[in-house]
Amino acid sequence: MDIVPQKWRKRLIRWMEDNRALIIVFFCLPASFLFDLILNTRKWILHRLFADPRKHDERVQAIQKQVGKWNELPENTRKFMCTARPNWQSLSTTFSKDSML
């Protein structure tokens, strides 16, 4: 049993195809703005509450140690370096396979 009858579904899809601009202006753009606002608010809160500038050098040294250990591995056993940032937050239009990492 369909929630929306096939006849109405086809009409709705046709209307959406014919009125793409309206959907973008009244749905996609506001949704994108809200998403951006939420991410920026989250970033600001994390930065203000959890970032400690006094520990910057300590964190940099920890990362340098990790890179040094990685660099000492034989080349055939090294995995690619990557950040913890998910692909959808990356500015790149290419996607990496997690199995390659």
Side-chain angles (χ1 to χ4, degrees):
M1 183 171 152
D2 290 335
I3 295 174
V4 179
Q6 191 69 21
K7 178 181 173 182
W8 287 100
R9 182 180 299 156
K10 286 182 180 182
R11 283 185 183 178
L12 177 64
I13 290 171
R14 180 65 184 181
W15 184 87
M16 291 171 71
E17 289 173 347
D18 292 341
N19 297 287
R20 286 185 203 129
L22 291 175
I23 293 170
I24 289 172
V25 170
F26 293 111
F27 177 76
C28 295
L29 289 177
S32 176
F33 174 77
L34 287 174
F35 185 72
D36 193 44
L37 183 67
I38 290 167
L39 286 183
N40 283 328
T41 303
R42 177 184 176 272
K43 184 171 61 173
W44 182 84
I45 290 170
L46 290 175
H47 180 73
R48 291 290 177 197
L49 296 180
F50 300 109
D52 187 0
R54 295 169 291 182
K55 292 188 176 183
H56 175 77
D57 291 336
E58 183 181 323
R59 289 191 299 261
V60 168
Q61 287 176 353
I63 293 170
Q64 286 174 338
K65 284 181 186 177
Q66 290 176 356
V67 172
K69 286 180 184 177
W70 177 86
N71 202 24
E72 291 172 359
L73 292 172
E75 284 191 36
N76 60 350
T77 61
R78 286 185 200 165
K79 292 185 177 183
F80 291 116
M81 282 192 193
C82 64
T83 64
R85 179 179 293 159
N87 283 336
W88 63 270
Q89 284 184 332
S90 176
L91 294 176
S92 174
T93 57
T94 60
F95 296 97
S96 63
K97 293 181 182 177
D98 290 338
S99 61
M100 292 178 59
L101 302 177

When rounded to the nearest 0.5 angstrom, what is the spacing between [atom1] in [X] and [atom2] in [Y]?
| X | Y | atom1 | atom2 | value |
| --- | --- | --- | --- | --- |
| Arg14 | Asn19 | CZ | CG | 10.0 Å |
| Leu12 | Met16 | CG | CE | 5.5 Å |
| Arg59 | Asp52 | CZ | CG | 6.5 Å |
| Asn40 | Ile45 | CG | CD1 | 11.0 Å |
| Arg48 | Lys43 | CZ | NZ | 12.0 Å |
| Ile23 | Phe27 | CD1 | CZ | 9.5 Å |

Q. Is there a path from Leu49 to Trp44 through hydrophobic residues (I, L, V, M, F, W, Y) whose side chains come within less than 4.5 Å of each other?
A. yes
Q. What about Leu37 and Leu39, same hydrophobic cluster or not, with Ile/Leu/Val/Met/Phe/Trp/Tyr joined at side-chain heavy-atom distances under 4.5 Å?
A. no
Is any side-chain heavy atom of [X] less than 4.5 Å from a side-chain heavy atom of [Y]?
| X | Y | answer |
| --- | --- | --- |
| Met81 | Val67 | yes |
| Glu75 | Arg78 | yes |
| Arg9 | Ile13 | yes |

(Q) Other residues, nucleotides and ligands only: do more than 12 of their heavy atoms fall within 6.0 Å of CH2 on Trp8? (A) no
